[in-house]
Amino acid sequence: MAANPEVLQEGELISFKLNGRKMSAQPGETILQVAKRNGVLIPHLCYQESMRPDGNCRACMVEIKGERVLAPSCCRQPSEGMEVETDNQRARHSQKMVLELLLSDMPEKAYTLHSELDHWARELRLGPPRFSARKQAPADLSHPAMAVNLDACIQCTRCVRACREEQVNDVIGYAFRGPHSTIVFDQGDPMGESTCVACGECVQACPTGALMPAGGVGLIQSDKAVESVCPYCGVGCQLTYKIKENRILYVEGRDGPANHGRLCVKGRYGFDYVHHPHRLTKPLIRRQEAPPKSADLVMDPANPYTVFREASWEEALEFAAAGLKKIRGEKGPKALAGFGSAKGSNEEAYLFQKLVRTGFGSNNVDHCTRLCHASSVAALLECIGSGAVSNPVADVGQAQVVILIGANPTVNHPVGATWIKNAIKRGTRLIVMDPRRSELVRHATYFLQFKPGTDVALLNALMHTIIEEGWVNPSFIAERTEAFEEMKRHLQVYSPEAMAPVCGIPAQTLREVARLYATSKGSMILWGMGISQHTYGTDNARCLISLALMTGQIGRRGTGLHPLRGQNNVQGASDAGLIPMVFPDYQRVDNVEAQAKFEALWDSSLDAQPGLTVVEVMEAITAGKLHGMYIEGENPAMSDPDAHHAREALAKLEHLVVQDIFLTETAYLADVILPASAYPEKTGTFTNTDRWVQLGRQAINPPGEARQDLWIIQEMARRLGLEWNYSGPATVFAEMRRAMPSIAGITWERLERESAVVYPCRQEGDPGEPVVFIDNFPTSSGRGKFVPADILPPDERPDKEYPWVLITGRQLEHWHTGSMTRRAAVLDAIEPEAVASLHPLDLEELGVKPGGWVTLASRRGQVTLEARADDAVPRHAVFMAFCYYEAAANLLSNPALDPVAKIPEFKYCAIKVSAGGQAPRLSSYGGGQTEQSIPL
């Protein structure tokens, strides 16, 4: 693609004439791009700005003086002195003829109100076509998300390029020749039976409605379009909601810094949970005659009134606050705790942690970062002084080598994965390290399928090799780091030959990978929760940081360290102080200066002792030390390890206040439930994995009596004795700027104008810093620190009784605990049931066919679910997603903690697997979701 046509540099310009007017073009810019920039209309259909020009529709033909044939303006670049005519008789006749021929094949009934073909026909004032239509294929309605209407296809191949070149999913192709040519999915399969991942990029690319969202929404005229941000993973894709009568019709991607118009299946089709009949619309208080709270409760979200009664907001808020005040007065501040949410805005996170610290009087506040990247952040703070990523994901496009370890971005960060695949197509070399094979392996130069639990052995072997063979960066080590000699001594015993039998990777492969990473001009490391969710997760991250430090692969474009954030605002919630040991901007609560600063800012006395983490809170409840909680938007009854224990703890609480949009597994154990606002129902800022602070705008109103989360938090604060007066998110953000130096230069007005600003941005007007650690690290010495790590086994190893390994994680169509995505019709239709993925040979050994039932049991519980054959899973291991309540993976997982970060070991525990078992009973829980029926 050409460079940005808005930025023209003198001396580089090409001068030519367009319709008699003198024009200037950049090198590489096409005639069509210059025309569009200058307001000259040329019809075009196969061309789309983000795609490689194909020139196959021939609607954009122009005449070039002195040439015998017309030229496609989307492919042709101007040359010095060229004279181009776009609207003379010859060019216009060609354009009209092409459009008329295409129109002749269109069906009588349109599939969209926004056909680009119809638009250009109107612009050129075409009448009814004079030609007869070709026979076309029948509609393919086999996919729950998308309708295929090839009778409206003009074979522009925009869908092919979107699928194969942008998303790189390689599903859509162009088959046959002449009048038989057609768009196909895989080997001519129905779309619903193909390998399509439903990203919808083809739908967004289609100019005629041949590919459309299912259900005919393309024929409904929206009332308004609202620009916002995706509510799911940490990539932070910008999108546009199309609204009619306070309902979201459909979603389109827009040109945000992280996605540039791209979306995944969740971002594009996972929006209708906001309209689900299970939405909480009135405050609820537990009935006095309700059965006692129990971890074994069987939920029925469609009929909560057997347990709860409706209440007015005044009654519910007074009841909620009174219970918390009573505990605070009788048992002290540390008898209370609060869990905030990484799904909410920065402003909500900031106010929530402020409420706990100033209203409860302790630092017992945490959120889901404790369960995903706490160990990554701990290691980053320890080694380089900052928990933020050094480079954006898109920097993979400037890297020569990318290491991807413990992450599956095609599932967890799909749009981020597209930038990796795009980079590989341009020559970047990918190294995938993971016990489980992911889809990206087919693009990798090396795949290191190491034994589960041997990350440190593998990484130490790489570092040993880099030092032994002289591939370190001595000047970077001398000028930018400390404690290297200690690390060098530590690594002496970790040769590839010694570690090969430990991690299962041949020594020669380890040496080749080490050389490739260390010697490239730019190497980047991305990792996920496969690194962090271990009892030795902090050690894993320490090794990755040391790998970058000893080679100098940090502080430049195309290098660096990037722990991929799991939830949409886990970065922002952490930045805002929703962590028990730090105030906003990671200022330690036990730091005297930081404490004084926030006491002055908040006009309140603050506790100087770090609070309890998520898992520690549950232990404190069990021990009788903690009696009341306020949970906003979190679902620990599903997300905590050893979920039965977590549910027992929550049920034991004297007073539990839950603020949420659905009757979640946690809300069912509450004493009072406050109905809150869903993501499209609020305005606020959200910070993505790349550190972009982005503005999400309210698109629709909350249903019934549900209220904005900011309003609820402030009303709770007022009843706890806090005198707050915030008029909205903008005033909260203004206070955050005073509290957080990293965003001090970002104004609300700038966000409204630009939608996104990257931090650090310390002074107003600063552009922000996409790449950090360029000259130094934010440590006391300005240097990065090497921290050695020894091999530590997982807390629970397989044995004779429990000989298998359980690996948990997410799946593409669902997210977090499933409370949103399982109430989204398309997402639930694609993946409606819990499955356990096992190697085909293991299924054969068990005597179970794919689709049969298996029972998984650990020392903490058991679940029965459907078996799926998956040769990406190593032998005698099982992978399962944790979003299915009826077969909750966290009933099995091990609550053992990393000693530094206090993160549980979700990614490894010992289980036994048996054939058969009682299948979970299906019900109406969610969009196809099921209620709990398995004995706990």
If you compare all heavy atoms of [X] against all heavy atoms of [Y], which two are closest, and at what distance to 0.1 Å?
{"X": "A444", "Y": "V432", "value": "CB-CG2, 3.9 Å"}
{"X": "L239", "Y": "V229", "value": "CG-C, 3.9 Å"}
{"X": "P409", "Y": "I420", "value": "CG-CD1, 4.2 Å"}
{"X": "L564", "Y": "A407", "value": "CD1-CB, 4.2 Å"}
{"X": "T112", "Y": "S115", "value": "CG2-N, 3.8 Å"}
{"X": "L219", "Y": "Y111", "value": "CD2-C, 3.6 Å"}

Could you tell me whether a side-chain N or O of [X] sits under 3.5 Å from a main-chain N or O of [Y], the two making a donor and an acceptor?
{"X": "S523", "Y": "S520", "value": "no"}
{"X": "E80", "Y": "S15", "value": "yes"}
{"X": "Q694", "Y": "T685", "value": "no"}
{"X": "E83", "Y": "I64", "value": "no"}
{"X": "E63", "Y": "L70", "value": "no"}
{"X": "N568", "Y": "C233", "value": "no"}
{"X": "K242", "Y": "E252", "value": "no"}
{"X": "S228", "Y": "G696", "value": "no"}
{"X": "N88", "Y": "A91", "value": "yes"}
{"X": "E123", "Y": "P43", "value": "no"}

Atom pair [atom1] ([X]) and [atom2] ([Y]), whose distance is rounded to the nearest 0.5 Å:
{"X": "H413", "Y": "T418", "atom1": "NE2", "atom2": "OG1", "value": "12.5 Å"}
{"X": "M191", "Y": "D186", "atom1": "CE", "atom2": "CG", "value": "10.0 Å"}
{"X": "I525", "Y": "I403", "atom1": "CD1", "atom2": "CD1", "value": "5.0 Å"}
{"X": "W527", "Y": "I405", "atom1": "CH2", "atom2": "CD1", "value": "10.0 Å"}
{"X": "R92", "Y": "I42", "atom1": "CZ", "atom2": "CD1", "value": "8.5 Å"}
{"X": "T208", "Y": "L45", "atom1": "OG1", "atom2": "CG", "value": "8.5 Å"}

Are any of the side-chain nitrogens in [X] or [Y] under 4.0 Å away from the carboxylate oxygens of its partner?
{"X": "E85", "Y": "K17", "result": "no"}
{"X": "E754", "Y": "R750", "result": "yes"}
{"X": "E67", "Y": "R76", "result": "yes"}

Are [X] and [Y] packed together at the side-chain level, in the sense that at least one heavy-atom pair is separated by less than 4.5 angstrom?
{"X": "P414", "Y": "V265", "result": "no"}
{"X": "V235", "Y": "C230", "result": "no"}
{"X": "V34", "Y": "F16", "result": "yes"}
{"X": "I172", "Y": "V184", "result": "no"}
{"X": "K421", "Y": "L440", "result": "yes"}
{"X": "N19", "Y": "V84", "result": "no"}
{"X": "W692", "Y": "T687", "result": "no"}
{"X": "C202", "Y": "Q167", "result": "no"}

### Task
List the steps, then state whether salt bridge (Lys or Arg N to Asp or Glu O under 4.0 Å) holds for E201 with R262.
CA-CA 7 Å; E201 199 72 32; R262 303 178 187 187; 5.3 Å; no

Side chains of [Y] and [X]: any donor to acceptor distance under 3.5 Å?
{"X": "Q33", "Y": "Q26", "answer": "no"}
{"X": "R268", "Y": "Q204", "answer": "yes"}
{"X": "S181", "Y": "Q155", "answer": "yes"}
{"X": "H562", "Y": "S390", "answer": "no"}
{"X": "Q400", "Y": "Y517", "answer": "no"}

### Query
Between H143 and I830, is a side chain to side chain contact (heavy atoms under 4.5 Å, CB included) present by the stated rule, with each step listed?
CA-CA 9 Å; H143 200 285; I830 297 174; 4.1 Å; yes

### Task
Walk me through it: do V396 and T428 pass the test side chain to side chain contact (heavy atoms under 4.5 Å, CB included)?
CA-CA 8 Å; V396 294; T428 298; 5.7 Å; no

### Message
Filter on salt bridge (Lys or Arg N to Asp or Glu O under 4.0 Å), then keep only pairs touching residues 162-177, sequence neighbours left out; what's left?
### Response
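Non-adjacent pairs meeting salt bridge (Lys or Arg N to Asp or Glu O under 4.0 Å): R52-E165, D170-R442.
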
### Message
salt bridge (Lys or Arg N to Asp or Glu O under 4.0 Å), that's the test. Do E29 and R37 meet it? Break it down for me.
### Response
CA-CA 11 Å; E29 209 175 8; R37 177 160 53 79; 3.1 Å; yes

Can you confirm whether more than 12 heavy atoms, excluding those of [X], are under 6.0 Å from its [atom1] atom?
{"X": "K521", "atom1": "NZ", "result": "no"}
{"X": "R161", "atom1": "CZ", "result": "yes"}
{"X": "H93", "atom1": "NE2", "result": "no"}

### For R691, salt bridge (charged side-chain N to carboxylate O under 4.0 Å, His left out) partners two or more places apart
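Once residues adjacent in sequence are excluded, R691 has no partner under the salt bridge (charged side-chain N to carboxylate O under 4.0 Å, His left out) criterion.
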
### Query
Strictly under 6.0 Å, is that where the ring centroids of Y679 and F686 end up?
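Between F686 and Y679, which both carry aromatic rings, the centre distance is below 6.0 Å.
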
### Message
Taking the six-membered ring for Trp, are W120 and H44 closer than 6.0 Å centroid to centroid?
### Response
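Aromatic pair counts; centres sit under 6.0 Å.
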
### Task
Would you please test F176 and T182 for side chain to side chain contact (heavy atoms under 4.5 Å, CB included) and show each step?
CA-CA 7 Å; F176 309 118; T182 185; 3.8 Å; yes

### Task
Measure the acute angle between the ring planes of W419 and H260, then classify it against the limits of 30° and 60° as parallel, tilted or perpendicular.
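Rings of W419 and H260: perpendicular, as their planes differ by over 60°.
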
### Query
Hey, mind stepping through L117 and L103 against side chain to side chain contact (heavy atoms under 4.5 Å, CB included) and telling me if it holds?
CA-CA 7 Å; L117 178 57; L103 281 169; 3.8 Å; yes

